[in-house]
Amino acid sequence: MLRGFKNFLMRGDVIVIAVGLIVALAFSTLIKAFTDYVINPIIARAQGGTSQGLGWQLGSPGNKATYLDIGSFISALIYFIIFMAVVYFLIVLPYRHYQARRGVAVFKDPVPTKTCPACLSDDLPKPAAKCRYCGSAQPGAV
């Protein structure tokens with residue numbers, strides 16, 4: 001039982017995913033600090049005055065539970081965009097390039113599909129001559 005678990009953990013895919021997650025968490029911490037300490041003050045300053053941020057007080061003044069904080073939402077959106085760009089440009093693109101050099105296509109564009117007129121399955125490849133589900137001949141097959 002332990003040998004099977006060890007073999008599972010030592011597969012290349014699991015190691016790649018683990019390293020990717022560790023790198024993503026490290027970048028997440030860095031980007032979170034950037035949005036908290038750089039972006040949030042800029043957004044709060046846009047409100048002006050002595051407000052606690054960019055937003056509106058819905059209840060009694062000074063109650064944070066009833067403060068509609070649009071600035072925090074904008075900050076979270078900026079955080080998400082920056083984080084996804086970092087993951088794409090620093091993890092996905094190099095990994096795709098590395099795998100292409102090895103002859104493996106990863107994160108490739110989806111194959112164009114068509115719908116079978118008989119059974120209405122919509123995941124048939126365009127050049128398919130027969131439906132894989134119902135076996136009917138496909139119109140326009142080459």
Side-chain angles (χ1 to χ4, degrees), residues 1-59 62-142:
M1 182 167 84
L2 289 177
R3 180 175 298 186
F5 184 66
K6 176 186 166 204
N7 290 339
F8 167 73
L9 286 180
M10 296 313 289
R11 286 182 31 213
D13 295 340
V14 174
I15 302 299
V16 168
I17 290 170
V19 169
L21 284 173
I22 291 168
V23 170
L25 286 173
F27 279 118
S28 173
T29 304
L30 180 67
I31 295 167
K32 179 77 171 130
F34 175 74
T35 55
D36 285 347
Y37 301 115
V38 176
I39 301 295
N40 281 353
I42 293 171
I43 292 173
R45 183 63 183 126
Q47 176 74 22
T50 59
S51 176
Q52 36 182 331
L54 182 61
W56 298 275
Q57 185 68 49
L58 300 176
N63 185 358
K64 287 191 172 214
T66 60
Y67 186 74
L68 182 63
D69 195 0
I70 302 298
S72 291
F73 176 74
I74 292 171
S75 177
L77 187 64
I78 292 170
Y79 170 84
F80 176 76
I81 291 169
I82 293 172
F83 184 74
M84 296 313 322
V86 166
V87 167
Y88 181 74
F89 288 112
L90 295 182
I91 296 174
V92 172
L93 284 182
Y95 181 69
R96 185 188 311 172
H97 178 71
Y98 172 73
Q99 291 294 74
R101 287 183 26 205
R102 294 180 55 208
V104 179
V106 293
F107 304 118
K108 58 185 175 183
D109 294 329
V111 177
T113 60
K114 63 182 176 182
T115 301
C116 175
C119 70
L120 301 178
S121 58
D122 60 353
D123 61 344
L124 299 176
K126 285 274 187 193
K130 283 189 167 186
C131 176
R132 71 173 72 146
Y133 302 106
C134 67
S136 64
Q138 296 298 303
V142 190

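A quick note: this is a predicted structure, and the numbers were derived from the prediction, not measured.
The distance from the CG atom of Leu77 to the CD1 atom of Ile82 is 10.0 Å, given to the nearest 0.5 Å. In this structure, CG in Leu120 is found 9.0 Å from SG in Cys134, a value given to the nearest 0.5 Å.
Every residue was checked against the side-chain contact (heavy atoms from CB on, under 4.5 Å) condition with Thr113, not counting sequence neighbours, and none meets it. Not counting sequence neighbours, Arg101 has no partner by the side chain to side chain donor-acceptor pair (under 3.5 Å) test.
Closest of all the heavy-atom pairs between Ile31 and Tyr79 is CG2-CD1, 3.4 Å. Residues Pro117 and Gln138 approach most closely at CD-OE1, 3.6 Å, considering heavy atoms. For the pair Tyr133 and Ser121, the tightest heavy-atom approach, listed with the atom from each and the gap, is CD1-OG, 3.2 Å. Taking both residues in full, the closest heavy atoms of Arg96 and Tyr88 are given as NH2-OH, 3.6 Å, listed atom of the first, atom of the second, then distance.
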Do Cys119 and Ser136 pass the side-chain contact (heavy atoms from CB on, under 4.5 Å) test, and can you show the C-alpha distance, the side-chain angles, and the key distance before you say yes or no? CA-CA 9 Å; Cys119 70; Ser136 64; over 6 Å; no
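Side chain of Lys130 to main chain of Gly135: no donor-acceptor pair is present (N/O by atom type, distance under 3.5 Å, no hydrogens or angles).
Annotation: Phe73, atom CZ; neighbour count of heavy atoms from other residues, nucleotides and ligands within 6.0 Å does not exceed 12.
Taking 4.5 Å as the limit, every side-chain heavy atom of Pro139 sits out of range of all side-chain heavy atoms of Lys114.
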